[in-house]
Amino acid sequence: MARVNDEVEALLLEYADLIAITGGDAFRQRAYERAARGVRGHPEDVSRLDAADLRAVPGVGRSMADKIEEYLRTGRIAALDRARAAVPQGVRRLMAVPGLGPKKAMALYRERGIASVDQLAEAIARDGLKGLAGFGPGTVRGILRGVETLRSAGGRLLLDAATGLADEAVAAVSAAPGCERCAFAGSLRRMRETVGHIDVLAAARDPEPLIAAFTAMPSAAETAGRGPAEASVRTADGFGIDLCVLPPEAWGAGLLHRTGSRAHHARLRALAADAGLRLSWDGLFDAAGGDRVAAGTEEEVYARLGLPWIAPPLREDRGEVEAALRGAPHRPVTVEDIRGDLHTHTDLTDGLASLPDMVAAGAARGYSYYAVTDHAPMLRMQRMTEEKILAQRERLRALAGRHRGLALLHGTELNIGPDGGVDWPDAFLAGFDVCVASVHSHFGLDRAAQTRRLIAACENPYVDIIGHLTTRKIGRREGIDVDLDAVFAACARTGTAVEVNGHPNRLDLRDEHVLLARRHGVRFAVDSDAHSTGELGTMRWGVGTAQRGWLTTEDVINTWPLSRLGRFLRAPGRAPLGRARPGA
DNA sequence: GCCGTTTTCGGCCCGACTGTTTTCAGTCG
C-alpha cells in the first residue's frame, strides 16, 4: 500500500471487525469504522500531521490519534495485536463474503473450525454445514452466491488501491539515479475497473539502480523474480508488480506494448505489416531493411502508422483504430473538461465533512459549479427531514459568492422506491436545482419490476440524473436485474441523464453499459459521489470509465457551461439556474 | 470511542428483509 492513510484505514477497519466478531460495543465498532473513513477521505497524508491536526480528522479523537501515532512511530498498534491474538485471521476474512457478518463468521469457526473462504466453499460442497444452527438451506445458498461474487473479483485490486501502489513504485524508480522516464502501463493505465497486476515501465541506460530502488520500496514484501532489465515483486498481500527497464530510445514502443490491450496492439501490428513495417516491444521497424523507424514516443509510433495518438482507455479494439483511420479520431472527455460535480454529500447525512469544507474543496478543484446532494428521508438511517434540507439550502445560499466563479447548486439524492416513487412530492422537488435519484433498497425485485421502477423514476420531471443505476459493488454485490435497453430508451426519451459514478467500489455504470446507453442517445453525468473532501478525487476513475465508454464532452452534462446545464435541468416550477443564485 | 449553539455525559444509524431459531437474530444500506 502506498498511502499511509490507506494503511491506517485498513488497520482501523480491522480493529472494528475484531470488535464486532468478539461481540464488543457496537458504538465503539462504528467509531472505528467512522474514523477509518475519515482517514481515507482526508486529503493530507496522516504521517505528516501533528497530534492536533490528527484529531481534526473527522471521527478521530484522542484514543484513535494515540493509536495512529503509535503505528507511525513503531509500525504496530498494541491493542490491535491483542485483538488479533484472540481471533484467527481467516475468521475476519470470512466477513468479506457478502451475507456473512461477524456473528455467522464466528459461528462457522467455533462450530466447524472454518477459518478461510476456501474451507467454507469446501464445507458447503460436502454439505458440512448441515445441522448448524442459523445455517438453513436458504442461508447456505446465499453464502455460496456470496463466495462466487467474492471470487469473481479474486485477487484483483480496485483502481484506487492499484493507483496508490503504482504511484509508489513510479516514485521509487523515478528517484533512482539515471532514470530518464518512468510510468505505469497495463490495464491500470487503460483504467479497467479492477487490476490483476501492475506494470511499471522505466527508461534508463543502466537498469541496475532502478531495479534496486524498485525491489527496496516499502510495499515490496518479496522479490519474485529478477533479470538484467526487469524485476517482479509481491506485496504482503501477494499482489504482483513488474518493472521493465528500457533503453530511452525505445520508450514509446515499450509503453505502447506494455499498455495494451493485447487486442489493440495486435491491430496495430497488423496495420504495420500492411505498410511493410514490423511493430514490436522495442520499436517500429522497416520489415525489409530492419531499420528502426519510430520508437521514442507513442505519438511517433502512432503517427508512422498513420494514426493520431489514442488515449489508453480506448485501446480495447472496440473500433478506435477504425475511427482514427476514417479521419474521425475519437476525442474522449478528460478530467480537465469536467466543470462541476453533481453528486456529493456532507455530514448532514452520511458524509464526513461539513458543507463549507466540501464546497471549499470543490472550489479548490477549479469547478465552475458544485451540487450538494444529501440523502432524502426514505433512507431512514439518514434521518433527513424537510426542515433539515431547507436549512441546508439557506446555508448553501449564504455561501454563494464566497468562492469566486463557483455556482452552488442545491440538490438531493432521492431514493427510488419499489414502485418508482421518490421521497418528496413535486412541489417540494421543484425547490431543488438538481435531483439525483438512486436505488438503495429492494435489490431483489425481478427484472420486470426493476425495469418498471427505473422507467417510472425517469418519467418524474424532477429527476435529472439516475445515480449508480445498477447498484453493483465490485466484489460485494451483483447489480440488479434490469432491462437496460428499456431503461436507457426511457432516459433518452425523457431527457434524464445517467450517472457514471466514480467511486472505485462502484464504477456504475460500467464501461460496456456506458457504450450501450450512448447508443440510445442518453446524456451522462460523471460524478464523484464524494462523502469526504478527499473523495472528490474519485472523479478521475469516473472519467476513466467514461473514456472507456467513448463519452465526449457533448455526452457529459457536467462538462457543459452553467447556462447549458441549466437548460438541461429545467423543470416545471424550478427557478432557472443562475437567476436564483447570486455568484452564479 | 467520538462528540458538543439542548456539552464533559449520554447519546450515537433506523428499519426492512431474510430465513428460520415459532418469536427473532443477523445482515445490510
Side-chain angles (χ1 to χ4, degrees), chain A residues 11-13 15-21 23-39 54-68 77 79-80 83 94-108 111 129-146 149-150 345 347-352 354 374-385 388 391 395 413-419 423 438-445 449 467-468 470-473 476-480 501 503 505-506 508 529 531:
Chain A
L11 293 170
L12 295 178
L13 282 179
Y15 198 47
D17 282 351
L18 293 175
I19 291 168
I21 290 171
D25 178 13
F27 290 112
R28 198 164 153 253
Q29 174 208 344
R30 262 195 300 239
Y32 277 92
E33 285 172 353
R34 186 173 137 78
R37 288 175 61 212
V39 168
L54 212 45
R55 290 186 61 178
V57 175
V60 176
R62 191 158 100 189
S63 165
M64 303 261 197
D66 286 349
K67 288 188 174 74
I68 294 171
I77 299 174
L80 177 60
L94 288 177
M95 286 176 61
V97 176
L100 274 189
K103 297 287 188 295
K104 282 190 155 56
M106 197 59 180
L108 286 169
E111 306 296 324
L129 301 188
K130 212 173 184 129
L132 187 54
F135 290 80
T139 299
V140 172
R141 266 197 308 277
I143 292 173
L144 194 57
R145 264 200 311 278
T149 302
L150 185 67
H345 296 273
D347 60 5
L348 183 60
T349 55
D350 58 349
L352 292 162
S354 68
D374 270 316
H375 288 289
M378 265 160 54
L379 205 60
R380 307 258 178 225
M381 61 191 260
Q382 305 298 348
R383 298 175 164 192
M384 181 55 82
T385 63
K388 282 162 80 172
R395 288 189 287 128
E413 183 180 13
L414 300 165
N415 304 284
I416 303 174
D419 59 354
D423 305 71
S438 315
V439 168
H440 291 115
S441 63
H442 299 89
F443 305 113
L445 296 181
H468 49 71
T470 75
T471 76
R472 66 113 173 225
K473 286 195 176 171
R476 286 293 296 175
R477 183 172 73 208
E478 302 293 333
I480 55 172
N501 187 298
H503 198 289
N505 294 331
R506 289 192 184 268
D508 185 11
D529 196 0
H531 286 71

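Values in this document were obtained by computation on a predicted structure and should not be read as measured data. Quick note on labels: first sequence line is chain A, next is B, and so on, each numbered from 1.
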Side-chain touch A:Tyr15/A:Arg28, heavy atoms, less than 4.5 angstrom
yes

Determine the interatomic distance between P on B:dG1 and the same-named atom on B:dT7; round to the nearest Å.
24 Å

Quick one: label A:Lys473 by what it contacts on the DNA or RNA (base, sugar-phosphate, nothing), any heavy atom closer than 4.0 Å.
nothing

Please enumerate all protein N or O atoms sitting under 3.5 Å from an N or O of nucleotides 13-17 of chain B, with distances to 0.1 Å.
| from | atom 1 | to | atom 2 | distance (Å) |
| --- | --- | --- | --- | --- |
| B:dC14 | OP1 | A:Arg383 | NH2 | 2.1 |
| B:dC17 | OP1 | A:His442 | NE2 | 2.6 |

Reading nucleotides 18-28 of chain B 5' to 3', which nucleotides get B (base under 4.0 Å from a protein heavy atom), which S (sugar-phosphate only), which -?
-SSB----SSS

Provide the distance between the two C1' atoms, one in B:dC3 and one in B:dT8, to the nearest whole Å.
10 Å

Those residues at least two apart in sequence (or on a different chain) that pass side chain to side chain contact (heavy atoms under 4.5 Å, CB included) with A:Lys104 are A:Leu100, A:Phe135, A:Thr139

Rounding to an integer number of angstrom, what distance separates B:dT20 and B:dG26 when you compare their P atoms?
14 Å

Under 4.0 Å, counting only non-hydrogen atoms across every strand here, what does A:Asp25 touch: a base, just sugar-phosphate, or nothing?
base

For B:dT8, the Watson-Crick or wobble counterpart (both distances under 3.5 Å)
none

Rounded to whole angstrom, note down the C1' distance from B:dC9 over to B:dG15.
27 Å

Quick one: side chain to side chain contact (heavy atoms under 4.5 Å, CB included) partners of A:Lys130, sequence neighbours excluded?
A:Asp127

What residues, two or more places apart in sequence or in another chain, satisfy ring-ring contact (aromatic ring centres under 6.0 Å, His included) together with A:His531?
A:His345

Could you check whether A:Ser63 gets within reach of a base, just the sugar-phosphate, or nothing at all, counting any heavy atom under 4.0 Å?
sugar-phosphate

Identify the heavy atoms of A:Val439 and A:Thr471 that sit nearest to each other, and give their distance.
O-CG2, 3.5 Å

With sequence neighbours left out, what residues match A:Arg145 under side chain to side chain donor-acceptor pair (under 3.5 Å)?
none

Taking the C1' atom in each of B:dT18 and B:dT23, what is the distance between them to the nearest angstrom?
15 Å

Donor-acceptor pair, A:Asp423 side chain versus A:Met378 backbone, under 3.5 Å?
yes

Pairing residues for A:Asp17 by the side chain to side chain contact (heavy atoms under 4.5 Å, CB included) criterion, not counting sequence neighbours:
A:Arg92, A:Met95

Suppose you measure atom C1' in B:dG11 against the same atom in B:dT6; what distance do you get, rounded to whole Å?
12 Å

The ring-ring contact (aromatic ring centres under 6.0 Å, His included) partners of A:His442 (sequence neighbours excluded) come to none

Distance between C1' atoms of B:dC13 and B:dG29 (Å, rounded)
10 Å

Within the sub-3.5 Å range, which N or O atoms of nucleotides 3-9 of chain B have a protein N or O partner, and how far apart are they?
| from | atom 1 | to | atom 2 | distance (Å) |
| --- | --- | --- | --- | --- |
| B:dC3 | OP1 | A:Gly59 | N | 3.1 |

In chain order, what residues pass the salt bridge (Lys or Arg N to Asp or Glu O under 4.0 Å) check against A:Arg472, with sequence neighbours excluded?
A:Glu193

Return the set of residues passing side chain to side chain donor-acceptor pair (under 3.5 Å) with A:Lys67 (not counting sequence neighbours), or none when no residue passes.
A:Tyr32, A:Ser63

Could you pull out all residues at least two apart from A:Met384 that satisfy side chain to side chain contact (heavy atoms under 4.5 Å, CB included)?
A:Leu348, A:Thr349, A:Asp374, A:Pro377, A:Lys388, A:Ile389, A:Trp424

Does B:dT20 sit syn or anti, given that only angles within 90° of 0 count as syn?
anti

